[in-house]
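In what follows, a single structure is set out as structure tokens and then discussed.
Side chains are part of it too, since the values below use all heavy atoms of this structure and drop only hydrogens, waters and symmetry mates. Numbering starts at 1 and runs along the sequence shown. Just so you know, ligand 1 is whichever comes first in the structure, and atom 1 is the first atom listed for that ligand.
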Amino acid sequence: MAQAVVPAMQCQVGAKAAVRARPAAGAGGRVWGVRRTGRGTSGFKVMAISTASTGVVPRLEQMLNLDTKPYTDKIIAEYIWVGGSGIDLRSKSRTIEKPVEDPSELPKWNYDGSSTGQAPGEDSEVILYPQAIFKDPFRGGNNILVMCDTYTPAGEPIPTNKRHRAAQIFSDPRVVEQVPWFGIEQEYTLLQRDVNWPLGWPVGGYPGPQGPYYCAVGAEKSFGRDISDAHYKACLYAGINISGTNGEVMPGQWEYQVGPSVGIEAGDHIWISRYLLERITEQAGVVLTLDPKPIPGDWNGAGCHTNYSTKSMREDGGFELIKKAILNLSLRHDLHISAYGEGNERRLTGLHETASIDTFSWGVANRGCSIRVGRDTEAKGKGYLEDRRPASNMDPYIVTGLLAETTILWEPTLEAEALAAKKLALKV
Ligand code: ADP
Ligand code: MN
Ligand code: MN
Ligand code: MN
């Protein structure tokens, strides 16, 4: 499948090569000689594949780009949900009679949960509840992407449905009143297919040490920009609140930011943005990984810094509330760490702009802390905090929900304070 939808650039290269190949094949080997190599036979092989692809790709694209609107009101809805590992995304398509504006207009649907590790074989049905809709940048028109969460037929959220609990937290009147904002920095790493080695890295070897790659331009420093850019536009088209992108410190690694988004929307937008990234990398034949430390050693890991503020933090005198939130976060450090992504212990080493996983710390403008407060926030006495602990593979429903719970709903207990004091004493 990936072959049939190679990026247009490659198709054009193939088409030109094929035009050249025809006379070459007819005229014998001499023309090949002119084209500077002695790789006659292997040259033919490549041409044969290119010719085949020029026959297939344009016709498929014609169908894929068909505008169905003049002929039918029907649209295609891609129902998307989080699978059994808690990080894999699954989706399937269905026809809806006419364009919709709100998820409540969409039917519930079901799937075979025994094939996603979410239900036993003998009772395998899982029910999809449509929760948020986005425009579909792949199909265009009125077609949509639908973020769903997952329930048993009896209407109970299944264990991997983390949206349900988050939605409860975000509909608590005390949380609603605080209008929680989240700005999430999603880092990710691109890998070459089959070898599972970062994009732009020599297979079986390493690039030069980190330094020149962050926000870099140039063929020897920036790898995968078209993917980052295609994703940026796809997000804007879909209606995702994407706020920027940048090349990362480790070559082949990128970041995009989504937000500030209010409440449950932050989780929905991050999940759909990840879905778009999976689809775009699928088309490009490049593998996406959200592993928090894809390459061990002196290479930056991948995080999902979560910038957070409440209404009170954004108002005059907000710094006091930011400090109060930080106190609460310090008392629940272990709980947060346990919910911030698989394999995060490989990333939170205390090196490479991280804080150690066992110790809670905070500071102004310090990227080696668990929580960073920006200079601007300190200067203005109001603003937001950055939780730098979440890993790139965190579940945004869990992280945003927990931040709101710990800082708005939870009050430190004597027990929590005593425990924290004891831990601190042990470390000294
Ligand atoms: P960094 O300097 O850590 O790389 P970025 O610029 O990548 O930061 O990301 C910062 C994020 O914080 C952006 O998504 C931005 O929208 C978000 N943000 C800005 N102000 C607030 C706020 N008051 N509350 C929550 N998030 C915010
Ligand atoms: Mn950033
Ligand atoms: Mn970053
Ligand atoms: Mn950051």
Side-chain angles (χ1 to χ4, degrees), residues 170 175 178-190 210-211 213-216 222 224 228 231-232 235-236 240-267 269-270 273 290-294 299-319 321-322 325-326 329 341 344 347-348 351-355 362-394 396 399-401 403-404 407-408:
F170 289 119
V175 177
Q178 280 298 324
V179 200
W181 288 8
F182 298 93
I184 298 178
E185 304 169 51
Q186 175 71 65
E187 293 180 339
Y188 62 93
T189 310
L190 299 172
Q210 293 183 164
Y213 309 108
Y214 170 73
C215 296
S222 176
S228 166
H231 177 253
Y232 201 162
C235 282
L236 286 174
I240 285 167
N241 189 17
I242 186 167
S243 40
T245 69
N246 61 266
E248 268 305 336
V249 174
M250 187 185 106
Q253 201 168 81
W254 291 83
E255 170 181 311
Y256 60 91
Q257 302 95 31
V258 176
S261 315
V262 180
I264 195 71
E265 190 184 288
H269 281 219
I270 282 290
S273 73
L290 296 185
D291 189 279
K293 188 80 174 183
W299 304 98
N300 273 30
C304 217
H305 299 167
T306 303
N307 300 273
Y308 168 63
S309 63
T310 61
K311 188 161 167 272
S312 319
M313 295 178 193
R314 296 186 294 268
E315 287 171 354
D316 286 347
F319 200 15
L321 288 136
I322 292 175
I326 290 172
L329 288 167
N344 209 10
R347 163 179 168 261
L348 294 182
L351 300 172
H352 308 111
E353 300 176 46
T354 71
W362 79 279
V364 174
N366 187 340
R367 287 173 196 268
C369 286
S370 316
I371 304 283
R372 176 173 70 112
V373 174
R375 283 245 176 273
D376 206 40
T377 295
E378 187 193 39
K380 290 193 177 128
K382 60 181 173 184
Y384 63 100
L385 61 86
E386 177 190 38
D387 190 342
R388 299 176 60 82
R389 296 170 295 174
S392 50
N393 59 359
M394 60 85 147
V399 171
T400 58
L403 278 168
T407 61
I408 304 173

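- Protein heavy atom closest to atom 17 (C) of ligand 1, with residue, atom name and distance, is Gly183 CA, 3.8 Å.
- When atom types are taken as modelled, the side chain of Arg388 and the backbone of Ala355 share no donor-acceptor pair closer than 3.5 angstrom.
- Proximity annotation for atom 12 (O) of ligand 1: of Thr377, Asn307, Asp376, Asn241, Asn307 comes nearest, heavy atoms only.
- Scanning all heavy atoms of the two residues, the minimum distance from Gly383 to Ser309 falls at O-CB, 3.4 Å.
- Ser309 OG, 2.8 Å is the protein heavy atom nearest to atom 24 (N) of ligand 1.
- Nearest to atom 2 (O) of ligand 1 by heavy-atom distance, out of Arg372, Met313, His305, is Arg372.
- With His305 as reference, Glu386 is the one residue of Glu386, Arg372, Glu255 to meet the side chain to side chain contact (heavy atoms under 4.5 Å, CB included) rule.
- Among protein heavy atoms, the minimum distance from atom 4 (O) of ligand 1 is reached at Glu185 OE1, 3.1 Å.
- Considering every non-hydrogen atom in both Ser273 and Ile240, the closest pair reads N-CD1, 3.6 Å.
- The minimum heavy-atom distance linking Trp299 with His352 is given by the pair N-NE2, 3.8 Å.
- Using modelled atom types and a 3.5 Å distance limit, the side chains of Gln210 and Asn300 yield a donor-acceptor pair.
- Using cut-offs of 30° and 60° on the angle between ring planes, the pair His231 and Tyr188 is perpendicular.
- In this structure, Arg388 has no heavy atom closer than 4.0 Å to ligand 1.
- Residue contacts with ligand 1: Gln257 is placed with a nitrogen or oxygen under 3.5 Å of a nitrogen or oxygen of the ligand (distance criterion only).
- Ser392 approaches Glu187 most closely through the heavy-atom pair CB-O, 3.3 Å.
- Looking at every heavy atom in both residues, Ala391 comes nearest to Cys304 through O-CB, 3.2 Å.
- Within Glu248, the N, O or S atom lying nearest to the Mn ion (ligand 3) carries the name OE2.
- The minimum distance between the Mn ion (ligand 3) and any N, O or S atom of Glu187 involves atom OE2.
- Heavy-atom neighbours of Tyr214 OH from other residues, nucleotides or ligands within 6.0 Å: at or below the threshold of 12.
- Here's the thing with Gly259: one of its N/O atoms is less than 3.5 angstrom from an N/O atom of ligand 1.
- Per residue Glu185, closest N, O or S atom to the Mn ion (ligand 2): atom name OE1.
- The single protein non-hydrogen atom nearest to atom 7 (O) of ligand 1 is Glu255 OE2, 3.0 Å, given as residue, atom name and distance.
- The shortest contact between atom 18 (N) of ligand 1 and any protein heavy atom is with Pro260 CG, 4.0 Å.
- The protein atom (non-hydrogen) at minimum distance from atom 20 (N) of ligand 1 is Tyr384 CE2, 3.4 Å.
- Put simply, part of Arg367 is less than 4.0 Å from ligand 1, judged by heavy atoms.
- Nearest N, O or S atom of Glu255 to the Mn ion (ligand 3): atom OE1.
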